[in-house]
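Submitted below is the structure of interest, expressed as structure tokens.
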Amino acid sequence: MSGARRPISTIHPRRVPATYAFLGILLVMYGLQLLIAGRLSMDAAYTVVPRPPSIEYFLLTPWVHSSHLHVLENLTLFGIFGWWTERQLGTDSFVVVVLVAGYLTNLLPSVIGIGGLGVGLSGVTNMLAGYVTVKQLWLLSKGGLFEANIPWTLLWCAVSFFLGLIIVVHSIAEFTGLIDPATGIATGVHFVGVMLGFAVAIVTLRNVTGRGVLDG
């Protein structure tokens, strides 16, 4: 089939350019943190995280991380959920949602008194987990999954759904005190992220229902 055009993969950069762009930003920012810190130890990046109420903190809060594990976790989760979510929302809407969630989840808990100021992209990954969980439950209720006609995406959908569900349940349990959070975990940030993800899913599903169209 030399003359046949091969289909573009669901996670090809042309399909999800914003996801790759955000992943690139995280890697560059973390590399700069280590460069400024002048060492590569596990927590070196934390020493150069801007402290509030500085302008640098408010500008960079979603994009800087405190440790290798912190940034690796957010890179992995953002990749898994971002590839799926960007295809659902569209690139422009995905960029807006990520940017709004990045700042809102790190700042809002302190403003409304349900936690301290946060740092990093954990609020966004929790938002994406909430969105993926609700959206995939809805798709399953309609008897369909995102690009389920491609066999390997069924596994991808399953992994993203169950991982999202675990994160959602865990974040809510930590915030409500059902389980003790680890030291330094921003439970308010994670909770606000999950709630924001639910809200995005509900709003988009209402739009879809109103048009009478199944997006998936």
Next item on the list: State, yes or no, whether a side-chain contact exists between Tyr46 and Ser67 at a heavy-atom distance under 4.5 Å.
Entry: no

Check: By the rule that ILVMFWY residues connect when side-chain heavy atoms come within less than 4.5 angstrom, directly or transitively, which residues belong alongside Ile179?
Finding: none

Notebook entry, point to check: Between Thr105 (side chain) and Gly193 (backbone), is there a donor-acceptor pair under 3.5 Å?
Noted result: no

Checklist line | Minimum-distance pair of heavy atoms, taken over all atoms of Gly120 and Asn74 | finding: C-ND2, 4.5 Å

Margin query: Working to the nearest 0.5 angstrom, can you tell me the gap between Gln88 CD and Leu139 CG?
Written below: 5.5 Å

Next item on the list: With rounding to the nearest 0.5 Å, note down the distance linking OH in Tyr131 to CZ in Phe94.
Entry: 10.0 Å

Notebook entry, point to check: Would you say the side-chain atoms of Thr204 pair up with the backbone N or O of Ala201, donor to acceptor, closer than 3.5 Å?
Noted result: yes

Checklist line | Partners meeting ring-ring contact (aromatic ring centres under 6.0 Å, His included) with Tyr30 (sequence neighbours left out) | finding: His68

Next item on the list: With the side chain counted from C-beta on, respond yes when Ile114 and Val192 share a heavy-atom pair under 4.5 Å apart, and no when they do not.
Entry: yes

Note to self: Does any part of the side chain of Ile172, heavy atoms only, come nearer than 4.5 Å to the side chain of Met195, both counted from C-beta?
What the structure shows: yes

Next item on the list: Please list, chain by chain and in numerical order, all residues satisfying side-chain contact (heavy atoms from CB on, under 4.5 Å) with Ile80, sequence neighbours excluded.
Entry: Thr76, Ser160, Leu163

Check: Looking only at heavy atoms, what is the nearest atom pair of Ala18 and Val95, with distance?
Finding: CB-CG2, 3.6 Å

Notebook entry, point to check: If you take all heavy atoms of Leu23 and Gly79, which pair is closest and at what distance?
Noted result: CD2-N, 4.1 Å

Notebook entry, point to check: If you link I, L, V, M, F, W and Y whenever their side-chain heavy atoms are under 4.5 Å apart, who else ends up in the same group as Leu165?
Noted result: Leu137, Phe161, Phe162, Val169

Item checked: Value rounded to 0.5 Å, distance of OG1 in Thr19 from CG in Leu128 -> 8.5 Å

Next item on the list: Is it possible for you to say whether Leu99 and Ile25 belong to one hydrophobic cluster, with membership spreading through side-chain heavy-atom contacts below 4.5 Å?
Entry: yes

Item checked: Side chain proximity check, Val124 to Met127, heavy atoms < 4.5 angstrom -> yes

Note to self: If hydrophobic clusters are built by linking Ile, Leu, Val, Met, Phe, Trp and Tyr wherever their side-chain heavy atoms come under 4.5 Å apart, do Phe198 and Phe81 end up in the same one?
What the structure shows: yes

Margin query: Minimum heavy-atom separation for Ala129 and Ile167, please, with both atom names.
Written below: CB-CG2, 3.9 Å

Next item on the list: Working to the nearest 0.5 Å, report the span between OG1 of Thr125 and CZ of Phe78.
Entry: 9.5 Å

Margin query: Show me the pairs that pass side-chain hydrogen bond (donor to acceptor under 3.5 Å, both in side chains) and involve residues 168-181, at least two apart or across chains.
Written below: Asn126-Ser171

Margin query: Would a single hydrophobic cluster contain both Phe22 and Leu27, if residues Ile, Leu, Val, Met, Phe, Trp and Tyr are joined by side-chain heavy-atom contacts under 4.5 Å?
Written below: yes

Item checked: Under the ring-ring contact (aromatic ring centres under 6.0 Å, His included) test, residues paired with His70 that sit two or more places apart -> His65

Checklist line | With Pro52 via side-chain contact (heavy atoms from CB on, under 4.5 Å) - residues at least two apart | finding: Tyr57, Leu117

Checklist line | Cluster overlap Val119 with Leu69, hydrophobic side-chain contacts below 4.5 Å | finding: no

Check: Can you list the residues that meet the side-chain contact (heavy atoms from CB on, under 4.5 Å) rule with Ile55, with sequence neighbours excluded?
Finding: Leu59

Item checked: Nonpolar side-chain network containing Ile36, other nodes, edges under 4.5 Å -> Val48

Check: Mind checking what makes side chain to side chain donor-acceptor pair (under 3.5 Å) contact with Thr91, not counting sequence neighbours?
Finding: Glu86

Margin query: Tell me the closest heavy-atom pair linking Thr47 and Ala37, and the distance in Å.
Written below: OG1-CB, 3.9 Å

Check: What class does the angle between the rings of Trp83 and Tyr20 fall in, given that below 30° is parallel, 30 to 60° is tilted and above 60° is perpendicular?
Finding: tilted

Margin query: Could you see if Val49 belongs to whatever hydrophobic cluster contains Val189? Use Ile, Leu, Val, Met, Phe, Trp, Tyr and a side-chain cutoff under 4.5 Å.
Written below: no

Check: Distance from Leu77 atom CG to Ser122 atom OG, nearest 0.5 Å?
Finding: 8.5 Å

Next item on the list: Grab the two heavy atoms, one from Pro109 and one from Gly116, that are nearest each other, plus how far apart they are.
Entry: CB-O, 4.1 Å

Checklist line | Ser41: partners by side-chain contact (heavy atoms from CB on, under 4.5 Å), with sequence neighbours left out | finding: Arg39, Asp43, Ala44

Next item on the list: Please check if the side chain of Ser54 supplies one atom and the backbone of Arg51 the other of a donor-acceptor pair under 3.5 Å.
Entry: yes

Checklist line | Pairs meeting criterion ring-ring contact (aromatic ring centres under 6.0 Å, His included) with involvement of residues 175-195, two or more places apart | finding: Phe175-Phe191

